[in-house]
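Positions are given from 1 along the sequence. No hydrogens, no waters, no symmetry mates; every other heavy atom, side chains included, goes into these values. What you see is a predicted model, and the numbers here were worked out from it, not measured in a lab.
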Amino acid sequence: MANNSTRSASTKVIHAGFLLTDPDIQPKSEQSILIEGEQIKAVSDGFVDPPPGGELIDLRNKFVLPGLIDCHVHLTAQLDRGSRLRTVEDSDPKAALNAAHNAAVTLSAGFTTVRDVGARNPDVIFALRAAIAERKVAGPRVLCVGAVLSPTGGHGQIYGFRNDVCACVQSRSGICDGVDECRRAVRRQVSHGADAIKFVATGGVLSNIRAGLDQQFTDDEIRSIIETAHRLGRRVAAHAHGAAGINAALEGGVDSIEHGSFLDARSLELFIAKGAFHVPTIIAGVTVLEMAQRNMAQGDGVLTPAQIEKAMIVGVKIKEALARSHKSGVTIAFGTDMGVGPHGQNAREFRYMVEAGMRSSEAIKAATVNAAKLLDLSDDVGTIASGKSADVIAVDSSPLDDVSVLERVAFVMARGDIYRE
């Protein structure tokens, strides 16, 4: 089939050896899931036969759970030795085909919903979102932010080439200075089809510029972005490393802090008071730290000197930030920043979350129930229940005992179609 789904029968019954419908509920043995088209119709005790013409999916020797959700990916990107050159060599159609491949790999790894939080050309991700929804290509359900909002000289822009080269390979749709421009930039992303808004509250590691890791937009600009987005019914994500930028975003009512590397005691108070989510992306910090260390030892050239300086600082702090926020009772939503690390290895984040002090069940909740809540998709995804999207995965043993089994997914169903078995 064009969308790489292996089956298309409209009625299916899954026999699950063990079924985790919700990370807050103990798994049950010998369960059946009735699926009609794209939706779950019923969950029943015992092994129920499919109706006439229906298909039986035998997962009696598997542990079954909801499809996973990654709230922070970059499907058009892949950091490696060739990535800087691809920035100026790859056409937008080539970037789109790369993104489609990355989406298929991500789905095969058990992630049935993702939020893409920034692409060089947002139209590429909008097109991929539509093609997946139309079942023309294989991939997870995709939410998009449009262009990342960034001030002149801020994070998320292209640097390191001639100015005219940088200008011709990046979208200027999200570059904004001053309250009015910021408001207009939010409205522009929504008019283009953005599901959410992302802005850079602070500098970032991978911008090839020595501009630090702390606050970049002013407090007034940040408030303008968040208030405008909320008036238009959009959630807002803030890329934020430094404490000043984290706190300014939280004060302004942001919905999620992405990374949060240098959060402080005030940040934790604000997270709780505002009900904001922390999306830690530990694997991204670990990946750039390893790259920086390898570069200094071997000169492998993946990162530039400006990037190495920042990677060495963030990489050692990002897991500690999750440990602090989790211990303080902040709501954690799963995110990886894949495109920094290799697509399809999203589930490696779980082991870092557990190392930071989360129980396996809490880490799984972050990638199901909590992530669905952050993305305003709780009515459709995050648990296995009647009326929800038939997004179902299976592994060989219980991830509650060893969360690393989620790195080896054996079965993937997305919106009622099977993509891996």
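- Pairs engaging residues 180-220 under the ring-ring contact (aromatic ring centres under 6.0 Å, His included) rule: none recorded [sequence neighbours left out].
- For the pair Arg86 and Glu89, the salt-bridge criterion is not met [side-chain N within less than 4.0 Å of a carboxylate O].
- Residues Arg266 and Asp264 are not paired through a salt bridge, judged by the lack of any N-O separation under 4.0 Å between the basic side chain and the carboxylate.
- Side-chain contact annotation: His230 with Asp255, donor-acceptor N/O pair under 3.5 Å present.
- The number of heavy-atom neighbours closer than 6.0 Å to CZ of Arg408, taken from other residues, nucleotides and ligands shown, is above 12.
- The two residues Ser267 and Asn247 make their nearest non-hydrogen contact at OG-OD1, 2.5 Å.
- Judged by distance alone, the side chains of His278 and Glu258 never bring a donor and an acceptor atom under 3.5 Å apart.
- Taking each heavy atom of Ala276 and Val330 in turn, the nearest pair found is O-CG1, 4.0 Å.
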Practice item. Carefully, step by step, assess Leu79 and Leu303 under the rule side chain to side chain contact (heavy atoms under 4.5 Å, CB included). Key: CA-CA 9 Å; Leu79 182 63; Leu303 301 182; 4.1 Å; yes
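- Side-chain contact check for Glu407 and Ser404: no donor-acceptor pair (N or O, by modelled atom type) lies under 3.5 Å.
- A donor atom on one side chain and an acceptor atom on the other are not found under 3.5 Å apart for Ser150 and His155.
- Other residues, nucleotides and ligands place no more than 12 heavy atoms under 6.0 Å from the CG atom of Asn163.
- Thr331 and Asn370 form no side-chain donor-acceptor contact under 3.5 Å, judged by distance and modelled atom types alone.
- With respect to Arg129 and Asp116, no salt bridge is recorded, no charged nitrogen being found less than 4.0 Å from a carboxylate O.
- Ala103 approaches Leu128 most closely through the heavy-atom pair CB-CD2, 4.1 Å.
- In this structure, Phe111 has its ring center closer than 6.0 angstrom to the ring center of Phe334.
- Nearest heavy-atom pair across Ala16 and Val64 is CB-CG2, 3.5 Å.
- A salt bridge is defined here as a Lys NZ or Arg NE, NH1 or NH2 lying under 4.0 Å from an Asp or Glu carboxylate O, and Asp22 with Lys365 fails to meet this definition.
- In this structure, a donor-acceptor pair under 3.5 Å is absent between the side chains of Thr336 and Glu349.
- Remark: Arg235 does not engage Asp195 in a salt bridge, criterion side-chain N to carboxylate O under 4.0 Å.
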Check your understanding: Does the side chain to side chain contact (heavy atoms under 4.5 Å, CB included) test come out yes or no for Gln157 and Ile175, once each step is laid out?
Key -> CA-CA 9 Å; Gln157 299 171 42; Ile175 299 175; 3.6 Å; yes
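- Side-chain contact of Ser389 with Asp380: a donor-acceptor pair under 3.5 Å is absent, judged by distance alone.
- With no hydrogens or angles considered, a side-chain donor-acceptor pair links Lys388 and Thr383 at under 3.5 Å.
- With Phe161 as the aromatic partner, Arg84 meets the cation-pi criteria of under 6.0 angstrom to the ring centre and within 45 degrees of the ring axis.
- Scored by the ring pair (Phe, Tyr, Trp, His ring centres under 6.0 Å) test, His343 finds no partners at all (sequence neighbours excluded).
- Electrostatic pairing of Arg135 and Glu38 counts as a salt bridge here, judged by a charged N lying under 4.0 Å from a carboxylate O.
- Between the side chains of Asp337 and His74, a donor-acceptor pair is found at a separation under 3.5 Å.
- Arg184 has no carboxylate O lying under 4.0 Å from a charged side-chain N of Glu181, or vice versa, which leaves the two without a salt bridge.
- Side chains of Arg420 and Ser108: a donor-acceptor N/O pair is present below 3.5 angstrom, by distance only.
- In this pair, His239 and His259 present their aromatic rings perpendicular. The plane angle is above 60°, beyond the 30 to 60° band.
- Scanning both residues, Gly67 and Thr368, for their nearest heavy atoms gives O-CG2, 4.0 Å.
- Surrounding CZ of Phe18 are at most 12 heavy atoms belonging to other residues, nucleotides or ligands under 6.0 Å away.
- Counting all heavy atoms, side chain and backbone alike, Gln78 lies closest to Val340 at NE2-O, 3.7 Å.
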